[in-house]
Amino acid sequence: MQLSIQRLTQWSLATLGAMACSLTLAQTYPTKPITLVVPFAAGGPTDIVARTLASTMGKTLGQTVVVENKVGAGGTLAAGYVAKANPDGYTFLIHHNGMSTAPALYRKMAFNPMTDFEYVSQAVDVPMTLLGRKDLPAKNMQELSTYVKANAKSINLANAGLGAVSHLCGMLFQQAMGADLTTVPFSGTAPALNALLGGQVDLLCDQTTQTTQHIKAGTVKLYGVTTKQRIRALPDAPTLTEGGLKDFEVIVWHGIYAPKGTPPAVIDKFGSSVRTALKDPAFMARMADLGAEIVPESKQTPEGLRTWLQSEINKWGPVIRAAGVYAD
Ligand code: ASP
C-alpha cells in the first residue's frame with residue numbers, strides 16, 4: 001500500500017512537472033526567430049504563400065518567421081531536412097501535394113510523411129494554369145492539342161522536378177494528350193517561369209499565385225486553369241476541361257509540419273498563429289487576388305492535415321505506380 005502511494009506521488013509529481021513545463025513553454029514560446037522551410041526556389045508560388053503567411057504570423061507570435069528555401073529533389077530534400085531537425089519549435093516546413101506523391105515517386109526516401117512529423121494545419125488551396133511561351137503558335141487549348149500531337153518530339157515542358165505539382169500537372173497533361181514531351185526540371189517554378197518568359201521552354205503548368213500577373217500582362221499564353229469551375233481571379237480564363245481535357249483537375253493544397261516530437265504546446269501556439277493569419281483581412285485579400293482560397297476551418301487543424309495527407313497518399317500512390325514514374 002505504502003509502495004503504491006509512493007508510486008502515485010512520484011507519478012503525480014512527474015505529471016505536474018510536465019504540465020508546468022508545457023504551461024511555461026506556452027507562455028514564453030517563441031523566444032527567438034522561427035524558420036519556415038520552403039522546398040522550392042525563392043520567388044515561386046510556394047515561396048509566395050510562405051512569405052505572405054510568415055509575415056502575417058510575425059504579428060501574433062511577436063517573433064520573425066524566417067523563410068528558408070531548401071531546394072532539390074522535387075521538395076523531398078527540404079522535407080527530409082525538417083524531419084531530422086531539432087523538434088524544439090523553431091523549425092517548420094510548408095509543403096504541398098508533393099508530400100503525398102513522394103512515397104510513390106521516390107524509391108529511397110529520407111523521411112516518412114506519416115510518422116516523422118507533427119501536423120500543424122493546412123493553409124490555402126491554389127489552382128494551376130497551363131501556360132505556353134508568348135510566341136507559341138497555338139492560341140487556345142484546342143489548337144494546342146493539335147500542335148502537341150504534331151510536334152511532340154520538339155516540345156519542352158518545364159517543371160520543378162519529380163514530386164513538384166508542375167511535374168504532376170505536366171504528367172497528367174501528357175497522359176491526356178497521349179504524348180511524350182521533353183521535360184526540363186528546375187529548382188522551382190520561379191526559374192521555370194523565367195525560362196518560359198525568355199522562350200527557352202515551351203510549356204509550363206504552374207500555380208496562379210505566381211502566374212496571374214503574367215497572364216494579365218499578356219507575357220505568356222494561357223491555355224486553361226486546372227479547376228472544375230472558372231476562378232474569380234481570372235474570370236476570362238477557360239478551364240482545361242472546357243478546352244477538351246475531360247475532368248482535368250489539379251488543386252495545390254498546402255500543409256504545415258514540424259519535426260516529430262515538437263512539444264504539443266508549441267504546435268498549439270504556432271497553429272493558432274496560422275489560424276489567426278488565415279483570417280487576417282490583408283492576407284485574405286492578397287490570397288484572393290492570386291487565386292488562392294483559404295481552406296475551411298476543419299482543415300486548419302493537425303487532424304485535418306493528417307487525415308487529408310493520408311487520403312492523398314492513398315489516392316496518388318496507385319496512379320503514380322501505374323504510370324511507372326519514379327526516381328531511384
Ligand atoms: N510550387 C513549386 C514552386 O514553388 C513548384 C512546383 O511544385 O511545381 O516552385
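One-based numbering, in listed order, for ligands and for the atoms of each.
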Worksheet entry | Residue, atom name and distance, where the atom is the protein heavy atom closest to atom 3 (C) of ligand 1 | F40 CB, 3.4 Å
Discussion item. Quick check on contacts: which atoms of ligand 1 are under 4.0 angstrom from a heavy atom of G188?
Written reply: 9 (O)
Worksheet entry | Any N or O of H167 closer than 3.5 Å to N or O of ligand 1 | no
Worksheet item: For ligand 1, which atoms have a heavy atom of Q207 less than 4.0 angstrom away?
Response: 1 (N)
Fill in: Cation-pi, F111 ring and K84 (6.0 angstrom, 45 degrees)
no
Worksheet item: Any nitrogen or oxygen of S166, main chain or side chain, under 3.5 Å from a nitrogen or oxygen of ligand 1?
Response: yes
Worksheet entry | Proximity of H96 to ligand 1 by residue part, where a heavy atom lies under 4.0 Å | side chain
Item to complete: Find all atoms of ligand 1 within a distance of less than 4.0 Å from any non-hydrogen atom belonging to A160, and give their numbers and elements.
Response: 5 (C), 6 (C), 8 (O)
Fill in: pair L305-K299: side-chain heavy atoms closer than 4.5 Å
no
Worksheet item: What residues form a salt bridge (charged side-chain N to carboxylate O under 4.0 Å, His left out) with K139, not counting sequence neighbours?
Response: E143
Practice prompt. Using only heavy-atom distances, determine whether the side chains of Y81 and T76 contain a donor-acceptor pair under 3.5 Å.
Written response: no
Worksheet item: How about T189 and D206: does a side-chain donor come under 3.5 Å of a side-chain acceptor?
Response: yes
Response to the item:
Residue, atom and distance of the protein heavy atom nearest atom 9 (O) of ligand 1 read T189 N, 2.7 Å
Worksheet item: For ligand 1, which atoms, with element, lie under 4.0 Å from some heavy atom of T46?
Response: 1 (N), 2 (C), 3 (C), 4 (O)
Discussion item. Under a 3.5 Å threshold, yes or no: a donor from one side chain and an acceptor from the other, between T60 and S273?
Written reply: yes
Worksheet item: Could an N or O of ligand 1 be found under 3.5 Å from any N or O of A164, whether backbone or side chain?
Response: no
Worksheet entry | All pairs passing ring-ring contact (aromatic ring centres under 6.0 Å, His included) where residues 120-148 contributes a residue, at least two apart | none
